[in-house]
Amino acid sequence: MYYPEIFKGMWFTFRHMFKKSVTVEYPEKKEIMSSEFRGRPVLVAEEGKERCVACGLCARACPPFAISMQAAETSDVKERYPAVFEIDMLRCIYCGFCEEVCPEEAIVMSKEYDFNFQHRADAIHGKDRLLVEATQLKDRLDFLRKKRNPNFGKIFNFLPSNNRHSLRNRA
Ligand code: SF4
Ligand code: SF4
C-alpha cells in the first residue's frame, strides 16, 4: 500500500537533483542583496560629512528607541549636525521607519547583514561605524527615489527659498 507513495517521493527527490540549488553556503559564500533589502541602518555621508541635520525625527519614529543623538551647531549652510549619533543594534528591528521619515535622505538601510558582536557595548554603532559615503549607497538611494510618492510636493505650494536646508533634489 505504501510503495506508490514511496516511489512518488523518490521520483520527486530525483527530479530536484538536477535543478539549480537555491541554498547559499553561508558564510563561505555570501549573498549579494538587492537594493530592496533592509540591512543595517547607516548614515549617508558626502565627502566624509554626514547629511544629517540632527532634526531628531528618526529617533522619534524608531519604535524600539534604538537611536540617540546629540545635536550641535555648525557654520555650514545646514546649521546643525549630530555631534553624537548612535544606533543600538541590539534594539534595532530593521523596520526602516528612520529611513522613511528622514527629510534629508540622511539615514538609509544598507545591504549589510553580516556583522556580530560579543559585548553589548559593541552593539552600539556610533558615527565612526555609521557613516558611509553616498556613492557606496547609490543602489538604495536610487531605489528610494524610484519609490518616492510621485505626488510629494504637488499638494503644497513649497517656496524653494524657504527650503535652503533641504537636500532633497539631489537627482
Ligand atoms: S530600522 Fe527601525 S528599529 Fe532600526 S534604527 Fe531605524 S527606526 Fe529604529
Ligand atoms: S531624520 Fe534624518 S536628518 Fe533628522 S536626525 Fe534622523 S538622520 Fe538626521
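In listed order, ligands and their atoms are each counted from 1. The first residue in the sequence is number 1, and the count goes up from there.
Rounded to the nearest 0.5 Å, atoms CG (Leu131) and SG (Cys52) are 9.5 Å apart. The distance from atom CD of Glu133 to atom NZ of Lys138, rounded to the nearest 0.5 Å, is 14.5 Å.
Nearest protein neighbour of atom 3 (S) of ligand 1, counting heavy atoms only, is Ile93 N, 3.3 Å. Of the protein's heavy atoms, Cys58 SG, 2.3 Å lies nearest to atom 6 (Fe) of ligand 2. Protein heavy atom closest to atom 5 (S) of ligand 2, with residue, atom name and distance, is Gly56 N, 3.2 Å. In terms of protein heavy-atom proximity, atom 4 (Fe) of ligand 1 is closest to Cys92 SG, 2.3 Å. Closest to atom 2 (Fe) of ligand 2 among all protein heavy atoms lies Cys102 SG, 2.3 Å.
Short contacts between ligand 2 and Met69, defined as distances under 4.0 Å to a heavy atom of the residue, involve ligand atoms 5 (S). Those atoms of ligand 1 with a heavy atom of Tyr94 less than 4.0 angstrom away are 1 (S), 4 (Fe). Taking every non-hydrogen atom of Cys52 and a distance limit under 4.0 Å, the qualifying atoms of ligand 2 come out as 3 (S), 5 (S), 7 (S), 8 (Fe). Close contacts between ligand 1 and Ile67 involve ligand atoms 5 (S) [criterion: under 4.0 Å to a heavy atom]. Counting atoms of ligand 2 from 1 in the listed order, those under 4.0 Å from a heavy atom of Ile107 are 7 (S). Those atoms of ligand 2 with a heavy atom of Cys55 less than 4.0 angstrom away are 1 (S), 3 (S), 4 (Fe), 5 (S).
Residues Glu31 and Lys111 are not paired through a salt bridge, judged by the lack of any N-O separation under 4.0 Å between the basic side chain and the carboxylate. A salt bridge links Asp76 with Lys49: at least one charged nitrogen is closer than 4.0 Å to a carboxylate oxygen. A salt bridge does not link Lys146 with Asp142: every distance from a Lys NZ or Arg NE/NH1/NH2 to an Asp or Glu carboxylate oxygen is 4.0 Å or more.
Contacts of Ala54 with ligand 2, taken as heavy-atom pairs under 4.0 Å, involve the backbone alone. With a 4.0 Å cut-off on non-hydrogen atoms, Arg51 does not touch ligand 2 at all.
A side-chain donor-acceptor contact under 3.5 Å links Glu36 and Ser34.
Contact between Val53 and ligand 2 is present, with at least one heavy atom of the residue lying under 4.0 Å from the ligand. In this structure, Met109 is part of the shell of residues with a heavy atom less than 4.0 angstrom from ligand 1.
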Go through the steps for Arg140 and Glu99 under the test salt bridge (Lys or Arg N to Asp or Glu O under 4.0 Å), then give the verdict.
CA-CA 11 Å; Arg140 184 69 183 180; Glu99 178 188 68; 2.8 Å; yes
As a quick check of understanding, evaluate salt bridge (Lys or Arg N to Asp or Glu O under 4.0 Å) for Arg51 and Glu46, giving each step before the final call.
CA-CA 7 Å; Arg51 283 181 179 178; Glu46 278 166 338; 3.0 Å; yes
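Counting backbone and side-chain atoms alike, Cys95 contributes no N/O/S atom closer than 2.8 Å to atom 6 (Fe) of ligand 1.
Checked by atom type and distance alone, the side chain of Arg38 pairs as donor or acceptor with a backbone atom of Tyr94 at under 3.5 Å. Lys127 places a side-chain N or O within donor-acceptor distance of the main-chain N or O of Pro82, the cut-off being under 3.5 Å.
Proximity annotation for atom 8 (Fe) of ligand 1: of Pro64, Ala61, Cys62, Cys62 comes nearest, heavy atoms only.
Heavy atoms only, all atoms of each residue included: Arg40 and Ser110 are closest at O-OG, 2.6 Å.
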